[in-house]
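To start, the structure under review is shown below, and the notes come after it.
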Amino acid sequence: MSFSSAPSRPEDWWKSAVVYQVYVRSFADDDGDGIGDLAGVRSRLPYLRDLGVDALWLTPFYRSPMVDGGYDVADYRDVDPTFGTLTDFDAMITDAHALGLRIIVDIVPNHTSDAHPWFGAALTSSPGSAERDRYLFRDGRGADGELPPNDWESIFGGPAWTRVPDGQWYLHLFDPAQPDLNWRHPEVRAEFEDVLRFWLDRGVDGFRIDVAHGMIKANGLPDVGDSVPAGQRQVELLGRARLPYFDQDEVHEIYRAWRPILDSYPGGRMAVAEAWAETPQRLARYVGPDELHQAFNFDFLDATWSADSFRKVVDTALAESAIVGAPTTWVLSNHDKQRHVTRYGDGALGLRRARAAALLMLALPGSVYLYQGEELGLPEVLDLPDELRQDPAFRRTGESRDGCRVPLPWSGDVPPYGFGPAGGGPAWLPAPPTWRALSVAAQTGNPDSTLELYRAALRLRREHTAPAGSTEPGQVTWLESEPGVLAFGFGRPAAAGSTELVCVVNLGAEPVAVGNYGTPLLHSQPAGPDTPTTLPTDSAAWFTRPATG
Ligand code: GLC
Ligand code: MG
């Protein structure tokens, strides 16, 4: 499977980039208030450069009441005081660029905060007013309009409608504090085009588009109806059926208007969609030369721990990317999902698998999105006290995403493990005592640590998967292997002269012989007596060998 052989251009940097997701409030706290901030990000840029990533994606740092961790934006053109100032942002991006790191920012166009001036104006204006028309206000059903306008459910649980004192209802696909915008309104479109320009002018290299599939709702706001099996929530249909509030065809018009804006700036400004669609084919429609550059491929994250499952997901993604002519993305974790160490079984088992999955992911062509802390092998924190949990979904569904958002351990023997300055306050969520051994300082220089595995893998990926200066991702050639094992050549044979790289992952129950794959380069498990001729279960290795073709 190969991609365009056109000579690669620096503007295409995103095609093979490793992007590191910074969940700003949990990355590094510079001012000691227990909450990560932009100055904290800036101070840790050298760490990220040395780790070997190409870009950072920063989660929202805009003015916000923080009902949903900043995904409830009150002012799209300013930094929330918790995170700093626009001056801090400028200093951070200047330093990042000087270190060769690009900056992707999150944009949240589906909804605003209820503290956004537009929503305030909508509430104080009457039903039918122009102010209300920027959102989705409707009369209720029932004799007195006492029932919600339709049967849509919030992703965070409960009805997607909240009633205001004059009797109308407004739509919020997420928290009531996140009212959905009316994207059929020209002012809404103009506003976001201007917001894009605001950040592009400040030098951002790209956008991660939040809920990119959600902005257009089916005309007439029809009921979902009885297609949802009893006892299930509508959200469980995601990826299986088209809901009237997601993945509507007209949403693509928005991206066709955005692309020329991105293209009008120099240096390759890109956009990646957080989109959920019924099928990989429908997801692929978000990507293309006249729409977005990429969409997250969450099927990889959702794959179960088996060779068949990963093989299927990889083959589907590669086939789709060949059709759309753009390389795919690979994601194992993010700020919304349980960390993959824990998903894969937690403890030593989960960590072994997570390390193997990292080598698999980093060997695949396309771009990779790492979630902060996965390079440390952090597990999900499962036992946070309920009263500390801040995810708005927790109160409505009992499910909480706080466990993957615990502030990073950097150094030292006591919490918050260097997250803030010496003498600073406790972090907004406490790290467990076991994280002392997982801090950046504790792992640095230990060749068996997960951090050093990531550092080595990122360096080798850079050296081997593309010819110097090229941004064209390589290709995958599946090699013969035992059942339960994935083996493929990756990179481009020309990349490292006359050698090629091979990745082998053992997802089966038995160790397998791997003596034939070449000279060992990197192993996800600490070397044992049989390394490199035997690959234990739940591990992966990279080899190099003379190019075959
Ligand atoms: C996206 C974000 C998530 C947020 C939601 C609402 O799914 O990743 O964190 O809660 O959108 O903005
Ligand atoms: Mg702070």
Side-chain angles (χ1 to χ4, degrees), residues 299-318 330-333 339-366 368 370 374-375 377 379 447-458 460-461 464-465 474-491 499-545 548:
D299 291 341
F300 191 68
L301 184 155
D302 286 333
T304 53
W305 191 256
S306 77
D308 287 349
S309 172
F310 276 107
R311 170 83 193 241
K312 193 168 154 235
V313 167
V314 169
D315 278 338
T316 306
L318 294 178
W330 308 105
V331 186
L332 285 171
S333 277
R339 284 189 178 272
H340 57 278
V341 166
T342 303
R343 290 202 319 267
Y344 291 153
D346 218 26
L349 171 71
L351 183 60
R352 254 198 333 268
R353 290 179 170 177
R355 292 167 58 108
L359 291 200
L360 166 61
M361 173 168 74
L362 290 168
L364 290 167
V368 169
L370 305 179
E374 75 170 77
E375 81 277 23
D448 294 340
S449 72
T450 304
L451 177 56
E452 295 299 351
L453 178 72
Y454 268 76
R455 285 180 173 148
L458 287 166
L460 291 168
R461 173 187 161 97
H464 289 276
T465 56
Q475 53 194 44
V476 162
T477 320
W478 293 107
L479 306 174
E480 234 168 88
S481 60
E482 315 241 347
V485 174
L486 294 176
F488 57 97
F490 71 102
T499 58
E500 71 179 354
L501 280 262
V502 171
C503 175
V504 186
V505 193
N506 183 2
L507 300 105
E510 301 297 330
V512 288
V514 289
N516 293 334
Y517 288 112
T519 311
L521 265 186
L522 190 63
H523 201 299
S524 71
Q525 280 311 102
D530 293 338
T531 319
T533 49
T534 304
L535 192 62
T537 184
D538 296 327
S539 73
W542 288 2
F543 302 87
T544 178
R545 66 175 189 184
T548 45

Supply the atom-to-atom distance [X] [atom1] to [Y] [atom2], rounded to the nearest 0.5 angstrom.
X      : Y      : atom1 : atom2 : value
Leu501 : Leu460 : CG    : CG    : 7.5 Å
Arg311 : Phe488 : CZ    : CZ    : 10.5 Å
Cys503 : Leu364 : SG    : CG    : 7.0 Å
Gln525 : Thr537 : CD    : OG1   : 10.0 Å
Met361 : Ser333 : CE    : OG    : 8.5 Å
Tyr454 : Ser449 : OH    : OG    : 12.0 Å

Got a sec, which residues hit side-chain contact (heavy atoms from CB on, under 4.5 Å) with [X], two or more places apart in sequence or on another chain?
X      : value
Ala487 : Leu479, Ser481, Val504, Tyr517
Asn516 : none
Ala317 : Asn297, Thr328, Trp330
Ser309 : Ala303, Thr304, Ser306

Verdict with reasoning, Leu318 to Val476, per side-chain contact (heavy atoms from CB on, under 4.5 Å) = CA-CA 9 Å; Leu318 294 178; Val476 162; 3.9 Å; yes

Between Ser539 and Arg352, do the side chains contain an N or O donor and an N or O acceptor separated by less than 3.5 Å?
->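 Arg352 and Ser539 do not have a side-chain donor-acceptor pair below 3.5 Å.
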
Apply side-chain contact (heavy atoms from CB on, under 4.5 Å) to the pair Asp302 and Val313, showing each step before the final yes or no.
-> CA-CA 9 Å; Asp302 286 333; Val313 167; over 6 Å; no

Please confirm whether the backbone N or O of Gly515 pairs with a side-chain atom of Thr533, one donor and one acceptor, at under 3.5 Å?
->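 The answer is no, because no donor-acceptor pair under 3.5 Å joins these two groups.
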
Do side-chain atoms of Arg343 reach the backbone of Leu301 as a donor and acceptor pair under 3.5 angstrom?
->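 Looks like yes, one N/O pair under 3.5 Å.
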
Determine the minimum heavy-atom distance between [X] and [Y], stating which atoms define it.
X      : Y      : answer
Ala541 : Leu535 : CB-CD1, 3.8 Å
Arg339 : Pro379 : CD-O, 3.5 Å
Pro511 : Asn506 : CA-ND2, 3.8 Å
Asp346 : Thr342 : OD1-OG1, 2.9 Å
His523 : Pro536 : CE1-CD, 4.0 Å
Ala357 : Leu332 : CB-CD1, 3.8 Å

Test Glu500 against Thr477 for side-chain contact (heavy atoms from CB on, under 4.5 Å), laying out the working first.
-> CA-CA 11 Å; Glu500 71 179 354; Thr477 320; 5.6 Å; no

Charged N to carboxylate O under 4.0 angstrom, Lys312 versus Asp308?
->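 The answer is no: the pair does not qualify as a salt bridge.
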
Are [X] and [Y] packed together at the side-chain level, in the sense that at least one heavy-atom pair is separated by less than 4.5 angstrom?
X      : Y      : result
Leu359 : Val505 : no
Pro447 : Glu452 : no
Leu486 : Trp478 : yes
Tyr344 : Asp538 : no

Could you tell me which residues satisfy side chain to side chain donor-acceptor pair (under 3.5 Å) with Glu482, sequence neighbours excluded, listed by chain and number?
->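 If we apply the side chain to side chain donor-acceptor pair (under 3.5 Å) test to Glu482, skipping adjacent residues, there are no hits.
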
Only counting residues at least two apart or in another chain, list the ones meeting ring pair (Phe, Tyr, Trp, His ring centres under 6.0 Å) with Phe310.
->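 Partners of Phe310 under the ring pair (Phe, Tyr, Trp, His ring centres under 6.0 Å) test: Phe300, Trp305.
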
Evaluation steps, side-chain contact (heavy atoms from CB on, under 4.5 Å), between Leu522 and Leu453 | CA-CA 8 Å; Leu522 190 63; Leu453 178 72; 4.1 Å; yes

In this structure, which one of Glu375, Glu374, Arg355 forms a side-chain hydrogen bond (donor to acceptor under 3.5 Å, both in side chains) with Thr450?
->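 Going through Glu375, Glu374, Arg355 one by one, the side-chain hydrogen bond (donor to acceptor under 3.5 Å, both in side chains) with Thr450 is satisfied by Arg355 alone.
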
